[in-house]
Amino acid sequence: MSLRSELSRRFGDAFAALGLDRSYGEVVVSQRPDLAQYQVNGALAAAKSAGRPPREIAEAVVERVAGDDVAELSVAGPGFINITVADETLARHVAALADEVGSARSEPSRRILIDYGGPNISKALHAGHLRSAIIGDALKRLFRVLGHDVVGDIHLGDWGMPIGQLIVALELRRPDLPYFDPEYTGPYPDEPPVDIDELSELYPWIVRRCRDDAELADRARRATLELQRGREGYVALWRHFLTVSLAAQRRDFDALGIDFDLWYGESTVRDRLEPMVERLVAAGVAVESEGALIVEVAEPDDAKEVPPLLLTRSDGSYLYTTTDLATVELRAEEGYDVVLYVVDHRQSLHLEQVFRAARKAGIAPPDMVLEHVAFGTLNGPDGRPFKTREGGVLLLSDLIALVEDAARRRLEDADLAQDYPEEERERIAHQVGIAALKFGDLANHRLSSYVFDLDRFTSFEGKTGPYLQYGAVRMKSILRKAEERELRPGPILAPEVDRERALMLTLVELPDVLARAAELRAPNHVADLAYRLAGDFNRFYEACHVLREEDPKRQASWLGLVETTLRSTTLLLDLLGIEVPERM
Ligand code: ARG
């Protein structure tokens, strides 16, 4: 149990003994570290229900809690309780830290599915895909470390109108391909008729043309319908589109160090669509409206109007909403307790409609959590969504090359890794570049939009990924030097120096911060702790000359502290998807 929760329990007991709610005993990290390490503010709120002055309650609580493990308790102002824990207690918690992280497992473990990444096929990944991938991956790692059973699903966009549009686009360009000939009975060629470059170029081209040409748009709709009804040539073509784009997208996700347990897509549920729609009609949940089928999802106390969900178009074709609803059905059957949709905030209405329809239709059991984990936009220096200088979308592979180049220059400027073998230097440049990219994203709360600032993100100073990597590498090198002198980490002793104590206090926050980050689905709390640890460590190392210390017990304890800080930092960075090089 974390130090803070242990204290909370004791204070909770004290409030309970006074006949007050134990939740008043909640201990928080002090806002005024100069006055106390922790505080309890519950006496003020308790005073109202108890009809007693808050100071009196606070004093009664303090009297009950006083003991060996707290060094100092005092009542301040109208009834705040200030807490300073005993140094021995603090040291004990630092020593137990390795188990602490695992002990968050005591909460009930849940089956969680995280839906993230979500590119549409036909597209090479671009900057717009970055946030969902990075945030979703971080959440997956976080929930896993907390002991949950977590599955990541990419949920490809592979069964809607874009495919119909692509079919029509290719037919316009190469009408003689067998896929378009209704008389042709196969077999279809094994070789894809397009590569990813052509596919990525075809898609925006046809979207633009369909916008100006109603007849063409209609043709794309018909092609979508025919694909969904199983027209063989179209299905064969769809398979090619899928293979070609998956190969390219996998490469980009690999480069980011992001993977998925399930490579499902909209098409995974294609056989569920018709029976589901029929069931919803029979149950009266789906109703006809101007030839289409809709599900009313408005609720009486909606502040904003929530329009009905469009279940099928008037031609009977299925949409993004239809496949999303059927995917909820699949996930419910597979027994997930919680499904997190890590999707751009602009899709909140779509998801709200899907979630409501799933409840209304009984597709999602009442206790299954369906939650939109929304995020803001990645902006360019002009404050608008990130584009290339020419105004096009920036490919993810180009973006990765960009951060790697910048990392290479930074390493050169800082004279780091310069005399290492080429291969190692390149690997480090890649790791630093990816750290810059991911930390630059995850340091922000997911809902805030942020500006992609290559210069700042790749700097070895400030709140950046490379700064934290460098810090961890430095800790490794300290431990290596100690090792060379046959000095080993030993039991953690009670702190004697302020900066040592400060580092320990930050370290013991680890389990609480992980729990909070998970609860709020907010990896920025993880990023923030990693950054605070780095600062505390630097100040500690400045004041405490670990390698030169003369008292062997103290020195071993300090080495233990270095090791614990390294382990914690490595864990926190790993949760953000950031690797720590062996040396730099
Ligand atoms: N393919 C979608 C898009 O590109 C994102 C999918 C998100 N997940 C979901 N279950 N809707 O916008």
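For reference, positions follow the sequence shown, starting with 1.
- Ion pair D153/R331 flagged as a salt bridge, since at least one NZ, NE, NH1 or NH2 atom sits closer than 4.0 Å to an Asp/Glu carboxylate oxygen.
- Side-chain contact between E274 and Y318 is present, with at least one heavy-atom pair separated by less than 4.5 Å.
- Paired with L309 under the rule side chain to side chain contact (heavy atoms under 4.5 Å, CB included), one option of L293, L319, I294, V295 passes, and it is V295.
- With hydrogens and angles disregarded, a donor-acceptor distance shorter than 3.5 Å links the side chain of H372 to the backbone of V343.
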Item to check | Stepwise side-chain contact (heavy atoms from CB on, under 4.5 Å) check, L125 with L395 | outcome: CA-CA 6 Å; L125 297 183; L395 291 181; over 6 Å; no

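- If you take OG1 on T464 and CG on D455, they are separated by 11.5 Å, rounding to the nearest 0.5 Å.
- Here the side chain of R272 pairs no donor or acceptor atom with the backbone of T327 at under 3.5 angstrom.
- Ring orientation note: the planes of H129 and H126 are tilted relative to one another, at an angle of 30° to 60°.
- Counting heavy atoms from C-beta on, the side chains of I363 and E329 come closer than 4.5 Å.
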Item to check | Pair L454-F452, side-chain contact (heavy atoms from CB on, under 4.5 Å): steps then yes or no | outcome: CA-CA 6 Å; L454 185 63; F452 180 80; 4.0 Å; yes

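- Salt bridge annotation for R208-D213: absent, with no cationic side-chain nitrogen under 4.0 angstrom from a carboxylate oxygen.
- Atom CD of E215 has 12 or fewer neighbouring heavy atoms from other residues, nucleotides or ligands inside a 6.0 Å radius.
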Next on the checklist: As a quick check of understanding, evaluate salt bridge (Lys or Arg N to Asp or Glu O under 4.0 Å) for R221 and D218, giving each step before the final call.
Outcome noted: CA-CA 5 Å; R221 240 189 312 275; D218 222 48; 3.2 Å; yes

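- No donor-acceptor pair under 3.5 Å is formed between the side chain of S317 and the backbone N or O of R313.
- Within 6.0 Å of the CZ atom in R173, the count of heavy atoms belonging to other residues, nucleotides or ligands exceeds 12.
- Using a 4.5 Å heavy-atom cutoff, the side chains of E412 and R408 are not in contact.
- Around CD of E371, the count of heavy atoms belonging to other residues, nucleotides or ligands within 6.0 Å exceeds 12.
- In this structure, the side chain of Q431 does not engage the main chain of V580 through any donor-acceptor pair within 3.5 Å.
- Using a distance-only test at 3.5 Å, with no hydrogens or angles considered, no donor-acceptor pair links the side chain of E266 to the main chain of T323.
- The side-chain heavy atoms of L514 and L575, taken from C-beta on, include a pair separated by under 4.5 Å.
- If you take CZ on R356 and CG on L370, they are separated by 13.0 Å, rounding to the nearest 0.5 Å.
- Of all heavy-atom pairs between A534 and L468, the closest is CB-CD2, 3.5 Å.
- A donor-acceptor pair under 3.5 Å is formed between the side chain of Q249 and the backbone N or O of K123.
- With rounding to the nearest 0.5 angstrom, the CG atom of L202 is 6.0 Å from the CG atom of L170.
- In this structure a side-chain-to-backbone donor-acceptor pair under 3.5 Å is present from K140 to D259.
- Taking each heavy atom of R446 and L520 in turn, the nearest pair found is NH2-O, 3.3 Å.
- Formation of a donor-acceptor pair under 3.5 Å by the S245 side chain with backbone atoms of F241 is found in this model.
- Side chain to side chain, N379 and Y450 fail the donor-acceptor criterion of an N or O pair below 3.5 Å.
- Partner of F386 under the side chain to side chain contact (heavy atoms under 4.5 Å, CB included) criterion, chosen from V393, L399, T377: L399.
- The shortest distance between side-chain heavy atoms of Y470 and V432 does not fall below 4.5 Å.
- Taking the six-membered ring where the residue is Trp, the centroids of F260 and Y116 are separated by under 6.0 Å.
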Checklist entry - Would R222 and E226 satisfy salt bridge (Lys or Arg N to Asp or Glu O under 4.0 Å), going step by step from the backbone distance to the final call? => result CA-CA 6 Å; R222 270 197 315 276; E226 285 182 85; 5.4 Å; no

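- With contacts defined as side-chain heavy-atom distances shorter than 4.5 Å, the pair H525/E519 does not qualify.
- Between R141 and D137, at least one side-chain nitrogen of the basic residue sits less than 4.0 Å from a carboxylate oxygen of the acidic one, meeting the salt-bridge criterion.
- Although no hydrogens or angles enter the test, the distance criterion places no donor-acceptor pair under 3.5 Å between the side chain of S459 and the main chain of R456.
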Next on the checklist: Walk me through whether N120 and L156 qualify under side-chain contact (heavy atoms from CB on, under 4.5 Å).
Outcome noted: CA-CA 6 Å; N120 292 339; L156 298 164; over 6 Å; no

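- Using a 3.5 Å distance cut-off with no hydrogens or angles, the side chains of Q228 and Y234 do not pair a donor with an acceptor.
- Two residues are said to be in side-chain contact when any heavy atoms from C-beta on lie closer than 4.5 Å; I112 and D337 fail this criterion.
- With hydrogens and angles disregarded, no donor-acceptor distance shorter than 3.5 Å links the side chain of D181 to the backbone of P178.
- In terms of heavy atoms, V297 sits closest to P307 at CG2-O, 3.5 Å.
- Rounding to the nearest 0.5 angstrom, the gap separating the CG atom in L199 from the CD1 atom in I121 is 7.5 Å.
- By the 6.0 Å contact criterion, CZ on R174 is enclosed, its count of non-hydrogen atoms from other residues, nucleotides or ligands being greater than 12.
- With respect to D344 and R131, no salt bridge is recorded, no charged nitrogen being found less than 4.0 Å from a carboxylate O.
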Checklist entry - Taking it one step at a time, do L529 and R532 satisfy side-chain contact (heavy atoms from CB on, under 4.5 Å)? => result CA-CA 5 Å; L529 181 64; R532 285 193 289 128; 3.6 Å; yes

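- Side-chain contact between R427 and E423 is present, with at least one heavy-atom pair separated by less than 4.5 Å.
- The side-chain tip of R231 does not point at the ring of W238 from less than 6.0 angstrom away and within 45° of straight on.
- In plain terms, the two heavy atoms of N524 and A443 that are nearest each other are CB-O, 3.7 Å.
- Ring geometry, Y179 versus H240: the interplanar angle exceeds 60°, so the pair is classed perpendicular (tilted spans 30 to 60°).
- A364 approaches V328 most closely through the heavy-atom pair CB-CG1, 3.9 Å.
- What you find for P581 and I428 is that their closest heavy atoms are CB-CG1, 4.2 Å.
- Both the sub-6.0 Å distance and the 45° axial angle are not jointly satisfied by R425 relative to the ring of Y420.
- Using a 3.5 Å distance cut-off with no hydrogens or angles, the side chains of H155 and Y341 do not pair a donor with an acceptor.
- The environment of CD in E461 is sparse: at most 12 heavy-atom neighbours from other residues, nucleotides or ligands sit within 6.0 Å.
- Cation-pi geometry between R219 and F180 is not met at under 6.0 angstrom from the ring centre and within 45 degrees of the axis.
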Item to check | Worked check of salt bridge (Lys or Arg N to Asp or Glu O under 4.0 Å) between K463 and D528 | outcome: CA-CA 9 Å; K463 194 173 179 179; D528 198 58; 2.7 Å; yes

